[in-house]
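Below: one structure, written as C-alpha coordinates.
This is a predicted model, so every value here is computed, not measured.
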Amino acid sequence: MDFQAVVLAGGIGKQFGVLTDKSQPKALLPVGNRPLLSYSLEALEKAGFADVLVVTAGDDTAKSVSKFAESYTGKMQIQVVSVAEDAGTATALRSIADRLTSNNLMVLSGDLITDVSLAYLAGRHCASGATATVLLAPCRENIDSETGKPAGPVDFIGLDADEKRLLFCASASAVGREIKVRRSVISHNEQVALRADLFDTHLYLFSKSALETLDKHPNFTSLKEHLVPYLARRQFAKPKPTADKPGEVPVSSSGDVHQPLKQTCGVFVEVADKTKYTSRVCSLAGYSDANREVSTLGEAAHLTGYCLSQYDNVVDASAQLGQRATVGPACIVGERVVIGDKCSIKRSVIGPNTRLGNNVKVMSSVIGDNVTIEDGCHIQNSIVCSNAVLQERCSLRDCQVAATYMLEAGLECRSEALSM
(Lines give C-alpha, C1' and ligand atoms only; values in the text may rest on other atoms or scores of the structure.)
Protein backbone atom coordinates (compact mmCIF):
# COMPACT_ATOMS: atom_id res chain seq x y z
CA MET A 1 0.00 0.00 0.00
CA ASP A 2 1.17 3.49 -0.88
CA PHE A 3 1.11 5.14 2.56
CA GLN A 4 2.99 7.72 4.59
CA ALA A 5 2.73 8.18 8.34
CA VAL A 6 2.64 11.48 10.22
CA VAL A 7 2.53 11.88 13.99
CA LEU A 8 1.35 15.28 15.23
CA ALA A 9 3.30 15.50 18.49
CA GLY A 10 2.17 19.00 19.50
CA GLY A 11 4.11 21.42 21.62
CA ILE A 12 4.99 21.85 25.28
CA GLY A 13 1.43 21.06 26.42
CA LYS A 14 0.37 23.92 28.67
CA GLN A 15 -2.69 21.99 29.86
CA PHE A 16 -0.34 19.80 31.89
CA GLY A 17 0.77 22.73 34.04
CA VAL A 18 4.00 22.17 35.97
CA LEU A 19 4.57 18.72 34.42
CA THR A 20 5.85 20.05 31.10
CA ASP A 21 8.47 22.52 29.97
CA LYS A 22 10.89 23.06 27.07
CA SER A 23 12.97 20.02 27.96
CA GLN A 24 9.95 17.86 28.86
CA PRO A 25 7.18 18.52 26.31
CA LYS A 26 3.90 16.67 26.35
CA ALA A 27 5.07 14.07 23.81
CA LEU A 28 7.85 12.93 26.13
CA LEU A 29 5.88 12.68 29.37
CA PRO A 30 6.55 9.25 30.87
CA VAL A 31 3.65 6.80 30.75
CA GLY A 32 4.55 3.52 32.37
CA ASN A 33 8.19 4.72 32.39
CA ARG A 34 8.12 5.16 28.61
CA PRO A 35 7.81 8.41 26.63
CA LEU A 36 4.20 8.95 25.55
CA LEU A 37 5.28 9.36 21.92
CA SER A 38 6.85 5.89 21.90
CA TYR A 39 3.42 4.23 21.92
CA SER A 40 2.41 5.82 18.60
CA LEU A 41 5.77 5.04 17.03
CA GLU A 42 5.63 1.40 18.12
CA ALA A 43 2.10 1.02 16.72
CA LEU A 44 3.26 2.39 13.36
CA GLU A 45 6.29 0.11 13.29
CA LYS A 46 4.10 -2.92 14.01
CA ALA A 47 1.94 -1.87 11.05
CA GLY A 48 4.96 -2.06 8.76
CA PHE A 49 5.86 1.61 8.35
CA ALA A 50 9.57 2.06 7.66
CA ASP A 51 9.65 5.80 8.33
CA VAL A 52 7.55 8.50 9.93
CA LEU A 53 7.34 12.29 10.03
CA VAL A 54 6.98 13.60 13.59
CA VAL A 55 5.63 17.15 13.53
CA THR A 56 6.20 19.33 16.60
CA ALA A 57 4.85 22.76 17.46
CA GLY A 58 7.86 24.98 18.08
CA ASP A 59 11.63 24.61 17.82
CA ASP A 60 12.16 23.88 21.52
CA THR A 61 9.88 20.85 21.35
CA ALA A 62 11.57 19.77 18.13
CA LYS A 63 14.98 19.77 19.84
CA SER A 64 13.74 17.61 22.71
CA VAL A 65 11.90 15.18 20.42
CA SER A 66 14.91 14.98 18.09
CA LYS A 67 17.10 13.97 21.02
CA PHE A 68 14.59 11.24 21.86
CA ALA A 69 14.48 10.13 18.20
CA GLU A 70 18.26 9.67 18.22
CA SER A 71 17.93 7.18 21.07
CA TYR A 72 14.94 5.34 19.58
CA THR A 73 15.79 1.64 19.40
CA GLY A 74 13.24 0.61 16.78
CA LYS A 75 13.96 0.07 13.11
CA MET A 76 11.73 2.88 11.85
CA GLN A 77 13.40 6.05 10.58
CA ILE A 78 12.14 9.17 12.39
CA GLN A 79 12.27 12.62 10.83
CA VAL A 80 11.31 15.50 13.14
CA VAL A 81 9.79 18.61 11.55
CA SER A 82 8.95 21.83 13.39
CA VAL A 83 6.01 24.10 12.59
CA ALA A 84 4.78 27.28 14.29
CA GLU A 85 3.93 26.94 17.99
CA ASP A 86 0.35 28.09 17.44
CA ALA A 87 -0.28 25.90 14.39
CA GLY A 88 -3.45 23.83 14.46
CA THR A 89 -3.50 20.27 13.21
CA ALA A 90 -4.67 21.22 9.70
CA THR A 91 -2.17 24.07 9.53
CA ALA A 92 0.62 21.73 10.62
CA LEU A 93 -0.28 19.24 7.89
CA ARG A 94 -0.47 21.98 5.28
CA SER A 95 2.95 23.24 6.36
CA ILE A 96 4.60 19.93 5.45
CA ALA A 97 2.67 19.36 2.21
CA ASP A 98 5.87 19.29 0.14
CA ARG A 99 7.02 16.23 2.13
CA LEU A 100 3.81 14.27 1.51
CA THR A 101 4.35 12.32 -1.69
CA SER A 102 2.28 9.15 -1.21
CA ASN A 103 -1.28 8.61 -2.38
CA ASN A 104 -2.49 7.90 1.14
CA LEU A 105 -1.62 9.37 4.50
CA MET A 106 -2.07 8.11 8.07
CA VAL A 107 -2.16 10.93 10.62
CA LEU A 108 -2.26 10.25 14.32
CA SER A 109 -1.89 12.32 17.44
CA GLY A 110 1.25 11.85 19.50
CA ASP A 111 -0.88 11.47 22.64
CA LEU A 112 -2.74 8.41 21.36
CA ILE A 113 -2.23 5.00 22.99
CA THR A 114 -3.99 2.13 21.23
CA ASP A 115 -3.66 -1.51 20.34
CA VAL A 116 -5.99 -1.24 17.33
CA SER A 117 -4.17 -2.64 14.28
CA LEU A 118 -3.04 0.27 12.12
CA ALA A 119 -2.29 -2.16 9.28
CA TYR A 120 -5.94 -3.26 9.37
CA LEU A 121 -7.10 0.36 9.24
CA ALA A 122 -4.85 1.09 6.26
CA GLY A 123 -6.19 -1.94 4.43
CA ARG A 124 -9.81 -0.98 5.08
CA HIS A 125 -9.17 2.58 3.92
CA CYS A 126 -7.68 1.45 0.62
CA ALA A 127 -10.31 -1.21 0.02
CA SER A 128 -13.16 1.29 0.49
CA GLY A 129 -11.64 3.91 -1.78
CA ALA A 130 -12.43 6.47 0.92
CA THR A 131 -11.38 10.09 0.82
CA ALA A 132 -11.01 9.88 4.59
CA THR A 133 -11.32 7.24 7.30
CA VAL A 134 -11.74 8.18 10.97
CA LEU A 135 -11.02 5.91 13.94
CA LEU A 136 -13.67 6.26 16.63
CA ALA A 137 -13.63 4.54 20.02
CA PRO A 138 -16.13 3.98 22.85
CA CYS A 139 -15.99 6.77 25.42
CA ARG A 140 -14.54 6.07 28.80
CA GLU A 141 -16.40 7.50 31.78
CA ASN A 142 -15.67 11.22 31.78
CA ILE A 143 -15.96 12.71 35.29
CA ASP A 144 -16.14 16.46 35.86
CA SER A 145 -13.35 17.36 38.29
CA GLU A 146 -15.47 20.02 40.04
CA THR A 147 -18.86 18.29 40.39
CA GLY A 148 -17.70 14.69 40.50
CA LYS A 149 -20.51 13.80 38.09
CA PRO A 150 -20.33 12.52 34.51
CA ALA A 151 -19.23 15.41 32.32
CA GLY A 152 -21.35 14.35 29.34
CA PRO A 153 -20.37 13.59 25.75
CA VAL A 154 -17.26 15.01 24.14
CA ASP A 155 -18.44 14.55 20.55
CA PHE A 156 -21.74 14.23 18.71
CA ILE A 157 -21.30 11.89 15.75
CA GLY A 158 -23.82 11.10 13.04
CA LEU A 159 -23.47 7.78 11.20
CA ASP A 160 -25.46 6.07 8.47
CA ALA A 161 -27.74 3.09 9.18
CA ASP A 162 -24.84 0.65 8.82
CA GLU A 163 -22.64 2.86 11.03
CA LYS A 164 -19.88 2.77 8.43
CA ARG A 165 -20.13 6.24 6.92
CA LEU A 166 -19.62 9.51 8.77
CA LEU A 167 -22.51 11.89 8.10
CA PHE A 168 -21.63 14.71 10.45
CA CYS A 169 -19.55 15.38 13.55
CA ALA A 170 -19.32 18.19 16.06
CA SER A 171 -17.75 18.69 19.46
CA ALA A 172 -20.15 19.17 22.36
CA SER A 173 -18.73 22.64 23.05
CA ALA A 174 -19.51 23.75 19.49
CA VAL A 175 -23.04 22.33 19.34
CA GLY A 176 -24.61 24.26 22.20
CA ARG A 177 -28.26 23.34 22.84
CA GLU A 178 -29.13 22.32 19.29
CA ILE A 179 -27.67 19.88 16.78
CA LYS A 180 -28.10 21.14 13.24
CA VAL A 181 -28.02 18.60 10.42
CA ARG A 182 -28.00 19.60 6.77
CA ARG A 183 -31.08 18.77 4.75
CA SER A 184 -28.96 16.99 2.15
CA VAL A 185 -27.80 14.52 4.79
CA ILE A 186 -31.40 13.67 5.74
CA SER A 187 -32.57 13.46 2.13
CA HIS A 188 -29.91 10.90 1.21
CA ASN A 189 -30.14 8.81 4.40
CA GLU A 190 -33.40 7.33 5.64
CA GLN A 191 -31.85 6.69 9.04
CA VAL A 192 -29.19 8.65 10.91
CA ALA A 193 -27.61 7.17 14.03
CA LEU A 194 -26.67 9.92 16.48
CA ARG A 195 -23.89 8.68 18.78
CA ALA A 196 -22.71 10.51 21.88
CA ASP A 197 -20.88 7.49 23.31
CA LEU A 198 -17.95 7.59 20.86
CA PHE A 199 -14.96 9.89 20.66
CA ASP A 200 -12.72 10.97 17.82
CA THR A 201 -9.31 9.41 18.51
CA HIS A 202 -7.53 11.89 16.22
CA LEU A 203 -6.36 9.05 14.00
CA TYR A 204 -7.19 9.82 10.37
CA LEU A 205 -6.42 8.23 7.03
CA PHE A 206 -6.58 10.58 4.04
CA SER A 207 -6.34 10.11 0.30
CA LYS A 208 -4.47 12.61 -1.82
CA SER A 209 -7.74 14.33 -2.77
CA ALA A 210 -8.35 15.19 0.89
CA LEU A 211 -4.96 16.90 1.04
CA GLU A 212 -5.81 18.80 -2.12
CA THR A 213 -9.00 19.98 -0.41
CA LEU A 214 -6.96 21.11 2.58
CA ASP A 215 -4.68 23.09 0.28
CA LYS A 216 -7.68 24.84 -1.29
CA HIS A 217 -9.00 26.00 2.09
CA PRO A 218 -6.26 27.93 3.90
CA ASN A 219 -8.81 28.96 6.53
CA PHE A 220 -9.01 25.36 7.79
CA THR A 221 -6.84 25.16 10.91
CA SER A 222 -8.13 21.95 12.53
CA LEU A 223 -8.52 18.47 11.05
CA LYS A 224 -11.29 17.57 13.51
CA GLU A 225 -13.19 20.86 13.50
CA HIS A 226 -12.77 21.87 9.85
CA LEU A 227 -11.44 19.36 7.32
CA VAL A 228 -13.24 16.18 8.42
CA PRO A 229 -16.69 17.84 8.83
CA TYR A 230 -16.25 19.54 5.45
CA LEU A 231 -15.44 16.25 3.71
CA ALA A 232 -18.43 14.63 5.41
CA ARG A 233 -20.73 17.37 4.11
CA ARG A 234 -19.31 17.10 0.60
CA GLN A 235 -20.52 13.51 0.32
CA PHE A 236 -24.02 14.83 -0.28
CA ALA A 237 -23.31 18.04 -2.14
CA LYS A 238 -24.89 18.56 -5.55
CA PRO A 239 -22.42 18.03 -8.40
CA LYS A 240 -21.49 21.13 -10.32
CA PRO A 241 -23.73 21.35 -13.42
CA THR A 242 -22.25 21.12 -16.88
CA ALA A 243 -23.64 22.29 -20.23
CA ASP A 244 -21.91 21.08 -23.37
CA LYS A 245 -23.85 23.29 -25.80
CA PRO A 246 -25.46 26.73 -25.58
CA GLY A 247 -29.08 26.51 -24.56
CA GLU A 248 -28.80 23.07 -22.92
CA VAL A 249 -30.11 22.58 -19.41
CA PRO A 250 -27.14 21.97 -17.09
CA VAL A 251 -27.16 18.54 -15.45
CA SER A 252 -24.70 16.54 -13.42
CA SER A 253 -22.36 14.13 -15.12
CA SER A 254 -24.62 11.29 -13.95
CA GLY A 255 -27.76 13.00 -15.20
CA ASP A 256 -29.15 13.43 -11.68
CA VAL A 257 -28.58 16.73 -9.93
CA HIS A 258 -29.38 15.08 -6.59
CA GLN A 259 -26.89 12.23 -6.93
CA PRO A 260 -24.60 12.28 -3.85
CA LEU A 261 -20.86 12.21 -4.40
CA LYS A 262 -20.38 8.97 -2.46
CA GLN A 263 -17.90 7.50 -4.91
CA THR A 264 -15.64 10.55 -5.07
CA CYS A 265 -15.84 11.86 -1.50
CA GLY A 266 -16.50 9.02 0.91
CA VAL A 267 -15.81 9.53 4.60
CA PHE A 268 -15.89 6.25 6.49
CA VAL A 269 -15.41 5.31 10.12
CA GLU A 270 -13.90 2.39 11.95
CA VAL A 271 -15.17 1.92 15.50
CA ALA A 272 -12.66 0.31 17.83
CA ASP A 273 -13.93 -2.84 19.50
CA LYS A 274 -14.55 -2.58 23.23
CA THR A 275 -11.93 -5.25 23.79
CA LYS A 276 -9.30 -2.92 22.33
CA TYR A 277 -7.54 -0.24 24.36
CA THR A 278 -7.76 3.28 22.94
CA SER A 279 -7.04 6.40 24.95
CA ARG A 280 -5.72 9.91 24.43
CA VAL A 281 -3.48 11.53 27.04
CA CYS A 282 -4.64 15.12 26.68
CA SER A 283 -5.28 16.22 30.27
CA LEU A 284 -3.88 15.79 33.77
CA ALA A 285 -6.63 13.32 34.62
CA GLY A 286 -5.98 11.44 31.38
CA TYR A 287 -2.28 11.28 32.20
CA SER A 288 -2.90 9.73 35.61
CA ASP A 289 -5.42 7.31 34.13
CA ALA A 290 -3.02 6.21 31.39
CA ASN A 291 -0.26 5.45 33.90
CA ARG A 292 -2.68 3.43 35.99
CA GLU A 293 -4.06 1.54 32.98
CA VAL A 294 -0.70 0.60 31.47
CA SER A 295 0.18 -0.86 34.87
CA THR A 296 -2.98 -2.92 35.18
CA LEU A 297 -3.52 -6.47 33.97
CA GLY A 298 -6.43 -6.67 31.56
CA GLU A 299 -6.29 -3.01 30.52
CA ALA A 300 -3.14 -1.80 28.77
CA ALA A 301 -0.24 -3.50 30.54
CA HIS A 302 0.50 -5.46 27.36
CA LEU A 303 1.40 -2.22 25.55
CA THR A 304 4.35 -1.40 27.80
CA GLY A 305 6.45 -4.35 26.69
CA TYR A 306 6.99 -5.41 30.29
CA CYS A 307 6.17 -8.87 31.63
CA LEU A 308 3.97 -8.82 34.71
CA SER A 309 5.16 -10.84 37.67
CA GLN A 310 3.06 -13.39 39.55
CA TYR A 311 1.95 -10.46 41.71
CA ASP A 312 0.57 -8.56 38.67
CA ASN A 313 3.23 -5.89 38.89
CA VAL A 314 6.57 -4.99 37.30
CA VAL A 315 9.64 -4.65 39.51
CA ASP A 316 12.88 -4.32 37.57
CA ALA A 317 15.56 -6.84 38.50
CA SER A 318 17.95 -4.03 39.41
CA ALA A 319 15.56 -2.48 41.96
CA GLN A 320 16.40 -2.86 45.66
CA LEU A 321 13.64 -3.42 48.20
CA GLY A 322 14.21 -2.95 51.93
CA GLN A 323 12.93 -5.15 54.70
CA ARG A 324 9.13 -5.48 54.85
CA ALA A 325 8.72 -3.22 51.82
CA THR A 326 5.70 -4.13 49.68
CA VAL A 327 4.86 -3.44 46.05
CA GLY A 328 1.24 -4.21 45.24
CA PRO A 329 -0.52 -5.10 41.98
CA ALA A 330 -0.79 -2.52 39.18
CA CYS A 331 2.65 -1.05 39.96
CA ILE A 332 5.72 -0.46 37.81
CA VAL A 333 9.07 0.00 39.56
CA GLY A 334 11.85 1.10 37.22
CA GLU A 335 15.54 0.38 36.91
CA ARG A 336 17.89 0.97 39.86
CA VAL A 337 15.11 2.15 42.16
CA VAL A 338 15.95 1.91 45.87
CA ILE A 339 13.01 1.37 48.24
CA GLY A 340 13.67 1.61 51.98
CA ASP A 341 12.37 -0.47 54.85
CA LYS A 342 8.63 -0.73 55.56
CA CYS A 343 7.63 1.15 52.40
CA SER A 344 4.27 0.55 50.72
CA ILE A 345 3.71 1.10 47.00
CA LYS A 346 0.16 0.70 45.65
CA ARG A 347 -1.16 1.29 42.11
CA SER A 348 1.77 3.57 41.24
CA VAL A 349 4.59 4.01 38.75
CA ILE A 350 8.10 4.68 40.10
CA GLY A 351 10.67 6.01 37.61
CA PRO A 352 14.27 4.83 37.19
CA ASN A 353 16.96 5.82 39.71
CA THR A 354 14.44 7.07 42.26
CA ARG A 355 15.22 6.60 45.95
CA LEU A 356 12.62 6.12 48.66
CA GLY A 357 13.58 6.32 52.34
CA ASN A 358 12.07 4.26 55.13
CA ASN A 359 8.34 4.21 55.93
CA VAL A 360 7.32 5.91 52.67
CA LYS A 361 3.75 5.38 51.44
CA VAL A 362 2.92 5.90 47.76
CA MET A 363 -0.60 5.32 46.46
CA SER A 364 -2.16 5.95 43.02
CA SER A 365 0.71 8.22 42.00
CA VAL A 366 3.30 8.73 39.28
CA ILE A 367 6.88 9.32 40.42
CA GLY A 368 9.42 10.42 37.80
CA ASP A 369 13.05 9.42 37.42
CA ASN A 370 15.85 10.46 39.79
CA VAL A 371 13.40 11.59 42.47
CA THR A 372 14.45 11.56 46.13
CA ILE A 373 11.73 10.86 48.72
CA GLU A 374 12.97 10.88 52.28
CA ASP A 375 11.77 8.99 55.35
CA GLY A 376 8.15 9.12 56.41
CA CYS A 377 6.68 10.79 53.31
CA HIS A 378 3.11 10.02 52.26
CA ILE A 379 2.07 10.56 48.62
CA GLN A 380 -1.43 9.93 47.31
CA ASN A 381 -2.99 10.60 43.89
CA SER A 382 -0.10 12.88 42.94
CA ILE A 383 2.50 13.33 40.19
CA VAL A 384 6.12 14.06 41.08
CA CYS A 385 8.40 14.99 38.17
CA SER A 386 12.03 14.03 37.64
CA ASN A 387 14.80 15.17 39.99
CA ALA A 388 12.37 16.53 42.58
CA VAL A 389 13.25 16.17 46.28
CA LEU A 390 10.74 15.56 49.05
CA GLN A 391 12.33 15.98 52.44
CA GLU A 392 11.32 13.82 55.40
CA ARG A 393 7.70 13.58 56.58
CA CYS A 394 6.22 15.48 53.62
CA SER A 395 2.63 14.72 52.72
CA LEU A 396 1.10 15.16 49.26
CA ARG A 397 -2.45 14.56 48.15
CA ASP A 398 -3.84 15.44 44.70
CA CYS A 399 -0.70 17.46 43.89
CA GLN A 400 1.67 17.96 40.97
CA VAL A 401 5.34 18.65 41.68
CA ALA A 402 7.55 20.18 38.99
CA ALA A 403 10.93 18.81 37.99
CA THR A 404 13.84 19.71 40.35
CA TYR A 405 11.45 21.18 42.94
CA MET A 406 12.38 20.70 46.60
CA LEU A 407 9.64 20.30 49.19
CA GLU A 408 10.77 21.17 52.70
CA ALA A 409 10.51 18.72 55.57
CA GLY A 410 7.15 18.27 57.27
CA LEU A 411 5.04 20.18 54.73
CA GLU A 412 1.51 18.99 54.00
CA CYS A 413 0.11 19.92 50.57
CA ARG A 414 -3.38 19.32 49.19
CA SER A 415 -4.53 19.98 45.61
CA GLU A 416 -1.52 22.14 44.75
CA ALA A 417 0.75 22.56 41.72
CA LEU A 418 4.26 23.09 43.13
CA SER A 419 6.98 24.69 41.04
CA MET A 420 9.94 27.01 41.34
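- In this structure a side-chain-to-backbone donor-acceptor pair under 3.5 Å is present from Q235 to V267.
- When all heavy atoms of G376 and V360 are compared, the closest pair comes out as N-CG2, 4.2 Å.
- Judged by distance alone, with hydrogens and angles left aside, the side-chain atoms of H378 form no donor-acceptor pair with the main-chain N or O of S395 at under 3.5 Å.
- Annotation for Q77: atom CD does not count as buried by contact number, only 12 or fewer foreign heavy atoms lying within 6.0 Å.
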*Between R195 and L136, is a side chain to side chain contact (heavy atoms under 4.5 Å, CB included) present by the stated rule, with each step listed?*
CA-CA 11 Å; R195 301 289 298 269; L136 305 175; over 6 Å; no

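- Using modelled atom types and a 3.5 Å distance limit, the side chains of S364 and N381 yield no donor-acceptor pair.
- At a threshold of 4.5 Å between non-hydrogen side-chain atoms, the residues D200 and C169 do not count as touching.
- Closest approach of A62 and V80 over heavy atoms only: O-CG1, 3.9 Å.
- The minimum heavy-atom distance between N104 and S207, with the atom names listed, is OD1-CA, 3.8 Å.
- Here the options are D111, V83, V55, L108, the test is side chain to side chain contact (heavy atoms under 4.5 Å, CB included), and the partner is L8; only V55 passes.
- Going from atom CD of Q380 over to atom CZ of R397 covers 4.5 Å, rounded to the nearest 0.5 Å.
- M106 and L203 get closest at one heavy-atom pair: CG-CD2, 4.3 Å.
- A donor-acceptor contact shorter than 3.5 Å links the side chain of T201 to the backbone of L135.
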_Under the criterion side chain to side chain donor-acceptor pair (under 3.5 Å), I'd like the reasoning laid out for D59 against S82: C-alpha separation, chi angles, the key distance, then a yes or no._
CA-CA 6 Å; D59 293 337; S82 175; 2.9 Å; yes

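- Inter-residue side-chain proximity for T304 and Y39 is flagged as met; some heavy-atom pair is nearer than 4.5 Å.
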*asked:* One pair to check against side chain to side chain contact (heavy atoms under 4.5 Å, CB included): V6 and L100. What are the steps and the verdict?
replied: CA-CA 9 Å; V6 173; L100 306 178; 3.9 Å; yes

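- Here the side chain of E85 pairs no donor or acceptor atom with the backbone of G58 at under 3.5 angstrom.
- Under a 3.5 Å cut-off, the side chain of D375 and the backbone N or O of G357 do not form any donor-acceptor pair.
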_Please evaluate residues L407 and L396 with respect to the criterion side chain to side chain contact (heavy atoms under 4.5 Å, CB included), reporting the C-alpha separation (whole Å), side-chain torsions for both, the decisive distance (0.1 Å), and the verdict._
CA-CA 10 Å; L407 194 64; L396 297 178; 3.6 Å; yes

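- Legend: residues meeting salt bridge (charged side-chain N to carboxylate O under 4.0 Å, His left out) with E299, ordered by chain and number and at least two apart, are R292.
- Between the CZ atom of R94 and the NZ atom of K216 there is a distance of 13.5 Å, given to the nearest 0.5 Å.
- Proximity of N359 to D341: side-chain heavy atoms (C-beta onward) are nowhere separated by under 4.5 Å.
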Using a 3.5 Å cut-off and no angle test, enumerate the donor-acceptor pairs between side-chain atoms of residues 309-323 and protein atoms at least two apart in sequence or in another chain.
unit_1: S309; atom_1: OG; unit_2: Y311; atom_2: N; d: 3.1
unit_1: S309; atom_1: OG; unit_2: N313; atom_2: O; d: 3.2
unit_1: S309; atom_1: OG; unit_2: N313; atom_2: OD1; d: 2.6
unit_1: N313; atom_1: ND2; unit_2: V327; atom_2: O; d: 3.0
unit_1: N313; atom_1: ND2; unit_2: G328; atom_2: O; d: 3.2
unit_1: D316; atom_1: OD2; unit_2: S318; atom_2: N; d: 2.9
unit_1: D316; atom_1: OD2; unit_2: S318; atom_2: OG; d: 2.5
unit_1: S318; atom_1: OG; unit_2: R336; atom_2: N; d: 2.8

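- Under the 3.5 Å distance criterion, the side-chain polar atoms of D160 are matched with a main-chain donor or acceptor of K164.
- Taking the side chain as every heavy atom from C-beta outward, F168 and V192 approach each other to under 4.5 Å.
- Donor-acceptor pairing under 3.5 Å is recorded for the side chains of S23 and D21.
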*Could you walk me through whether V7 and I78 pass the side chain to side chain contact (heavy atoms under 4.5 Å, CB included) test, one step at a time?*
CA-CA 10 Å; V7 175; I78 303 172; over 6 Å; no

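- Here R34 pairs with E42 under the salt bridge (charged side-chain N to carboxylate O under 4.0 Å, His left out) rule; sequence neighbours left out.
- When atom types are taken as modelled, the side chain of S365 and the backbone of S382 share a donor-acceptor pair closer than 3.5 angstrom.
- With rounding to the nearest 0.5 angstrom, the CG atom of N291 is 7.5 Å from the CD1 atom of I332.
- Atom-to-atom distance recorded for L356:CG and E374:CD is 11.0 Å, nearest 0.5 angstrom.
- For the atom pair SG of C399 and CD of E412, the computed distance is 11.0 Å after rounding to the nearest 0.5 Å.
- Looking at D369, its side chain never comes within 3.5 Å of a backbone N or O of G351 through a donor-acceptor pair.
- Annotation: side chain of E270 is in contact with side chain of T133 (closest heavy-atom distance under 4.5 Å).
- Counting heavy-atom neighbours within 6.0 Å of K361 NZ, excluding the residue itself, gives a total above 12.
- Atom NZ of K276 and atom CG of D115 lie 5.0 Å apart (nearest 0.5 Å).
- Within 6.0 Å of atom CZ in R233, more than 12 heavy atoms from other residues, nucleotides or ligands are found, so the atom counts as buried in its surroundings.
- Residues R355 and V338 meet the side-chain proximity criterion, which asks for heavy atoms closer than 4.5 Å.
- Defined by atom type and a distance below 3.5 Å, a donor-acceptor pair is missing between the side-chain atoms of Y287 and Q400.
- Remark: side-chain polar atoms of Q4 are paired, donor with acceptor, to backbone N or O of T101 under 3.5 angstrom.
- Classified by interplanar angle (parallel below 30°, tilted 30° to 60°, perpendicular above 60°), the ring pair F49/F3 is perpendicular.
- A distance-only check finds a donor-acceptor pair linking the side chain of Q24 to the backbone of L28 [under 3.5 Å].
- Atom NZ of K208 has more than 12 neighbouring heavy atoms from other residues, nucleotides or ligands inside a 6.0 Å radius.
- Taking 4.5 Å as the limit, every side-chain heavy atom of V18 sits out of range of all side-chain heavy atoms of C385.
- The number of heavy-atom neighbours closer than 6.0 Å to CZ of R324, taken from other residues, nucleotides and ligands shown, is 12 or below.
- No side-chain N or O of H202 forms a donor-acceptor pair with one of S109 less than 3.5 Å apart.
- No side-chain N or O of N387 forms a donor-acceptor pair with one of T404 less than 3.5 Å apart.
- Taking both residues in full, the closest heavy atoms of A5 and L44 are given as CB-CD2, 3.8 Å, listed atom of the first, atom of the second, then distance.
- By the 4.5 Å heavy-atom criterion applied to side chains, I12 and K22 are counted as neighbours.
- Contact between T354 and I367 at its shortest, heavy atoms only, is CG2-CG2, 4.1 Å.
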